[in-house]
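These notes are about the structure you will find just below.
Here the structure is a predicted model, which is why all the values come from computation and not from measurement. Below, chain A is the first sequence line, B the second, and so on; all start at residue 1.
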Amino acid sequence: MPPAPTRHWLLKSEPDVFSYADLVRAGREPWNGVRNYQARNFLRQMRPGDLCLFYHSGVKPPGLAGVGRVARAAYPDDLQFDPESAHFDPRSDPADPRWSMVDVVPVRAFPRLLTLDELRALPEWEGSPLLRRGTRLSVLPVSAEQIRAALGEVGLDLGTL
DNA sequence: GCCAACGTTGGC
DNA sequence: GCCAACGTTGGC
């Protein structure tokens, strides 16, 4: 038996580049620019309706800023074919695009940032790649227990999202 | 197909 | 700004 689908994810972003508030402003955003195969494979597993924790990296303190939802399943990332883009990939074949993106929409801003240190203290998060130093994965699966614990810490309820 | 050099991520 | 981690690249 293959493992049950996760249905919950975590997306990393540097808020100076694109923050959760930016997602709220935009209303909907193509999650493009992912250029790591493992992360891409996770993107391709996403289904509309899946929840995505929104993690702010590269700031002090890093942490979870909000939760969004997948609005469109994986489709070709247009930036891979744009020579002007920093995410241009000249080796990607338009007949078989190498990189994918999904669309995400905001669901709920966290009432406060749930910091990385606080996540480390949650037993449900033990062993998560997010907490390992040097992890370059920008898209990763999150278990039901992990998302429930994270939401609970800031007073949100998974059932009401 | 091995593996050293390189580049990038991201916490500290 | 440092540097550990680690994926990617390219020479052989």
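Under a 4.0 Å N-O distance rule, the pair A:Asp50/A:Arg69 does not qualify as a salt bridge.
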For every nucleotide of nucleotides 5-12 of chain B, 5' to 3': is a protein heavy atom under 4.0 Å from its base (B), only from its sugar-phosphate (S), or from neither (-)? --BBSBBS
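For the side-chain hydrogen bond (donor to acceptor under 3.5 Å, both in side chains) test, no residue two or more places apart in sequence or in another chain qualifies with A:Ser57. Annotation: ring pair (Phe, Tyr, Trp, His ring centres under 6.0 Å) contacts of A:Tyr75 (sequence neighbours excluded): none. With sequence neighbours left out, A:Ala74 forms a side chain to side chain contact (heavy atoms under 4.5 Å, CB included) with A:Arg44, A:Ser100, A:Val102.
At a threshold of 4.5 Å between non-hydrogen side-chain atoms, the residues A:Val59 and A:Glu14 do not count as touching. Proximity of A:Tyr55 to A:Leu116: side-chain heavy atoms (C-beta onward) are separated by under 4.5 Å at one or more points.
For the helix from B:dG1-C:dC12 to B:dC12-C:dG1, the rotation axes defined at the first and last 5 base pairs enclose an angle of 10°, given to the nearest 10°.
Under the 6.0 Å cut-off for aromatic ring centres, A:Trp9 and A:Phe54 do not qualify, their centroids lying 6.0 Å or more apart.
Residue A:Arg35 is classed as having no contact, given no heavy-atom separation below 4.0 Å to the nucleic acid.
Among pairs with a residue in residues 18-29 of chain A, those fulfilling salt bridge (charged side-chain N to carboxylate O under 4.0 Å, His left out) read A:Asp22-A:Arg25, A:Arg28-A:Asp103, at least two apart in sequence or across chains.
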